[in-house]
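For reference, the structure discussed in these notes is given below.
These values consider heavy atoms only, across backbone and side chains, with no hydrogens, waters or symmetry-generated copies. Whatever order the structure lists ligands and atoms in, that order sets their numbers, starting from 1. Given the structure is predicted, the values throughout are model-derived calculations rather than measurements.
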Amino acid sequence: MDQQNQPAAVQEKQQVVFSAIQPSGSITLGNYIGALRNFSGFEDAKARLYCVADLHSLTVRQDPALLRKRSLSLAALYIACGLDPKENIIYCQSHVPCHTELSWILNCFTYMGELNRMTQFKDKSAKHADNINAGLFTYPVLMASDILLYQTTTVPVGIDQKQHVEICRDIAQRFNGIYGEVFTLPEPYIRKTSAKIQSLSEPTKKMSKSDPEESFVSVFDTPDAIRRKIRRAVTDSENEIRYDPENKPGVSNLLTICSALENKPVEEVAAGFAGLGYGALKDAAAEAIIKEFTPIQEKYNALLQNKDELSAILQENASRAQALAMKTLRKVYKKVGLLQL
Ligand code: AQP
């Protein structure tokens with residue numbers, strides 16, 4: 001398996017895989033390369049849970065109607081990307097109350113100083129200076145709850161979420177240190193070729209779904225829109241194609257995209273463009289994206305034809321998740337001394 005940090009001690013049959021994405025915008029190429037496409041490939045795991053993190057997305061103001069629409073859309077996208085809802089548990093975070101219940105408990109085991117160090121909190125506070133709410137600050141605690149509720153061993157995420165998995169481990173270790181082995185310690189799963197994808201308009205910044213439309217390619221973009229956005233991607237005034245993220249962030253980002261989608265080392269991709277101009281690189285990146293997204297879009301569009309069926313899937317899967325989550329929550333309530341009737 002192409003993985004950097006698969007926990008050596010975990011046998012595949014004991015693996016519990018959990019990950020989530022916020023329905024806070026149109027899912028981007030960054031979300032896809034960094035996370036979504038890495039959700040497949042754990043067929044032998046004991047349980048695989050993929051959550052639509054709707055509660056997390058409330059840390060930034062959302063349009064309610066759009067949030068509902070995007071939540072269903074993200075669930076359909078999970079399935080369109082190959083996650084069978086019978087073999088995986090695909091559900092909305094707000095449909096499983098255990099997430100928020102455990103979150104309160106873990107808030108009492110997390111220090112302000114730890115949360116203050118979180119890069120995402122600093123970035124998002126700067127981005128949303130008029131709405132630095134307590135939820136944004138305690139976001140990593142809810143994320144820790146998401147993960148720890150299922151005794152998760154493996155968390156496929158993008159590199160930008162590594163810090164949040166680390167704080168989750170710290171919280172779990174602290175809790176276990178006081179009450180015994182309650183939580184399994186999870187490991188982030190970050191594929192070597194799942195590098196961070198940068199913004200098309202500001203390639204020194206991460207590509208984000210809540211940023212302006214021209215800065216990202218969405219999984220739902222038409223081929224024309226993909227070609228147009230990639231053609232407009234910011235590069236530099238030279239005309240040499242080489243991988244050099246510090247001095248050539250735009251070109252390096254396009255190379256990274258090709259490398260991730262073609263599953264080839266970035267140096268090999270760069271060598272293939274020797275003597276060619278930026279136009280050739282942009283064309284290749286756009287076509288690689290279109291090739292990847294077209295079959296997903298076809299499946300996604302078919303699934304959205306039957307919203308009632310999707311809702312039924314989400315309901316049934318939320319019950320499966322809740323049943324698993326209750327086991328951990330009951331144990332936690334008992335350990336911390338909440339009265340059991
Ligand atoms: N640019 C990226 N490159 C690689 N991986 C990325 N991820 C996000 N952006 C990139 C990974 O996608 C997963 C889903 O993340 P999320 O929705 O929970 O939150 P996020 O990291 O904050 O994603 P966005 O797109 O930046 O959302 P907004 O704009 O709402 O904040 C994670 O595994 C993440 O690593």
Side-chain angles (χ1 to χ4, degrees), residues 4-5 17-40 49-63 66-67 70-71 73-75 77-78 81 92-93 99 118-128 131 133 135-136 139-140 142-147 152 154-168 186-213 215-220 233 245 249-250 252-254 256-257 259-261 289:
Q4 275 181 335
N5 38 23
V17 184
F18 173 92
S19 197
I21 297 181
Q22 301 177 73
S24 47
S26 196
I27 302 305
T28 71
L29 178 66
N31 301 135
Y32 179 78
I33 290 176
L36 192 44
R37 71 176 186 147
N38 306 329
F39 292 177
S40 309
L49 297 106
Y50 296 106
C51 173
V52 173
D54 52 355
L55 293 171
H56 276 290
S57 64
L58 297 180
T59 52
V60 171
R61 291 277 173 272
Q62 303 291 337
D63 172 324
L66 206 52
L67 180 59
R70 284 175 174 157
S71 297
S73 156
L74 180 52
L77 184 62
Y78 283 160
C81 285
C92 279
Q93 193 181 24
H99 287 252
M118 294 296 111
T119 313
Q120 192 185 72
F121 174 66
K122 290 181 200 157
D123 291 350
K124 288 211 169 167
S125 302
K127 231 172 166 179
H128 305 279
N131 181 23
N133 58 71
L136 198 59
Y139 180 112
L142 180 57
M143 180 163 158
S145 310
D146 300 339
I147 297 169
T152 302
T154 311
V155 190
V157 277
I159 191 88
D160 59 310
Q161 289 290 341
K162 193 166 175 250
Q163 196 185 29
H164 285 164
V165 182
E166 280 161 5
I167 191 177
C168 167
E187 295 276 355
Y189 167 86
I190 300 166
R191 257 168 55 157
K192 284 192 194 110
T193 50
S194 65
K196 189 156 114 187
I197 304 302
Q198 304 293 80
S199 156
L200 299 178
S201 48
E202 284 180 85
T204 50
K205 286 194 190 158
K206 176 182 105 135
M207 180 181 283
S208 271
K209 61 177 118 58
S210 53
D211 279 349
E213 175 74 33
S215 69
F216 64 81
V217 169
S218 159
V219 176
F220 307 115
S252 302
N253 194 32
L254 293 171
T256 303
I257 293 169
S259 150
L261 295 179
I289 299 168

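For ligand 1 and K124, the ligand atoms under 4.0 Å from any heavy atom of the residue are 22 (O), 28 (P), 30 (O), 31 (O). Under a 4.0 Å criterion applied to the non-hydrogen atoms of Y139, ligand 1 contributes the atoms 18 (O). In the vicinity of S210, heavy-atom distances shorter than 4.0 Å reach the ligand 1 atoms 28 (P), 29 (O), 30 (O). Residue-ligand proximity, A35 to ligand 1, at heavy-atom distances under 4.0 Å covers atoms 12 (O), 13 (C), 33 (O). Near I197, with a cut-off below 4.0 Å to any heavy atom, the atoms of ligand 1 are 1 (N), 2 (C), 3 (N), 4 (C). The contact set between ligand 1 and S24, taken as ligand atoms under 4.0 Å from a residue heavy atom, comprises 28 (P), 30 (O).
Within the 4.5 Å cutoff, side-chain heavy atoms of C81 are placed close to those of Y32. Side-chain contact check for V52 versus Y78: some heavy-atom pair is nearer than 4.5 Å. Counting only heavy atoms from C-beta outward, the side chains of S26 and F216 approach each other to under 4.5 Å.
At a heavy-atom cutoff of 4.0 Å, ligand 1 is contacted by the side chain of Q120 but not by its backbone. Within the 4.0 Å heavy-atom criterion, neither part of F39 lies near ligand 1. The proximity of S208 to ligand 1, defined as any non-hydrogen pair under 4.0 Å, involves the side chain as well as the backbone. Using a 4.0 Å cut-off between heavy atoms, Q198 makes no contact with ligand 1 at all.
With hydrogens and angles ignored, the 3.5 Å screen pairs a side-chain donor or acceptor of K209 with a backbone N or O of Q22. Under a 3.5 Å cut-off, the side chain of T152 and the backbone N or O of I147 do form a donor-acceptor pair. Using modelled atom types, no side-chain atom of N38 and backbone atom of P156 make a donor-acceptor pair closer than 3.5 Å. In this structure a side-chain-to-backbone donor-acceptor pair under 3.5 Å is present from Q62 to S57.
Ring geometry for Y139 versus H56: interplanar angle of 30 to 60°, hence tilted.
Of the candidates V157, D123, D160, D160 brings a heavy atom nearest to atom 35 (O) of ligand 1. Distances from atom 4 (C) of ligand 1 to the heavy atoms of P156, G30, G158 put G30 nearest.
Side-chain polar atoms of N31 and T28 form a donor-acceptor pair below 3.5 angstrom.
When each of K196, K206, Q120 is tested with D160 by the rule side chain to side chain donor-acceptor pair (under 3.5 Å), just one qualifies, namely K206.
Looking at ligand 1, you won't find any N or O of I21 less than 3.5 Å from one of its N or O atoms. Note: no N/O pair closer than 3.5 Å links K196 and ligand 1 by distance alone.
Using a 4.0 Å cutoff on heavy atoms, I33 does not count as a contact of ligand 1.
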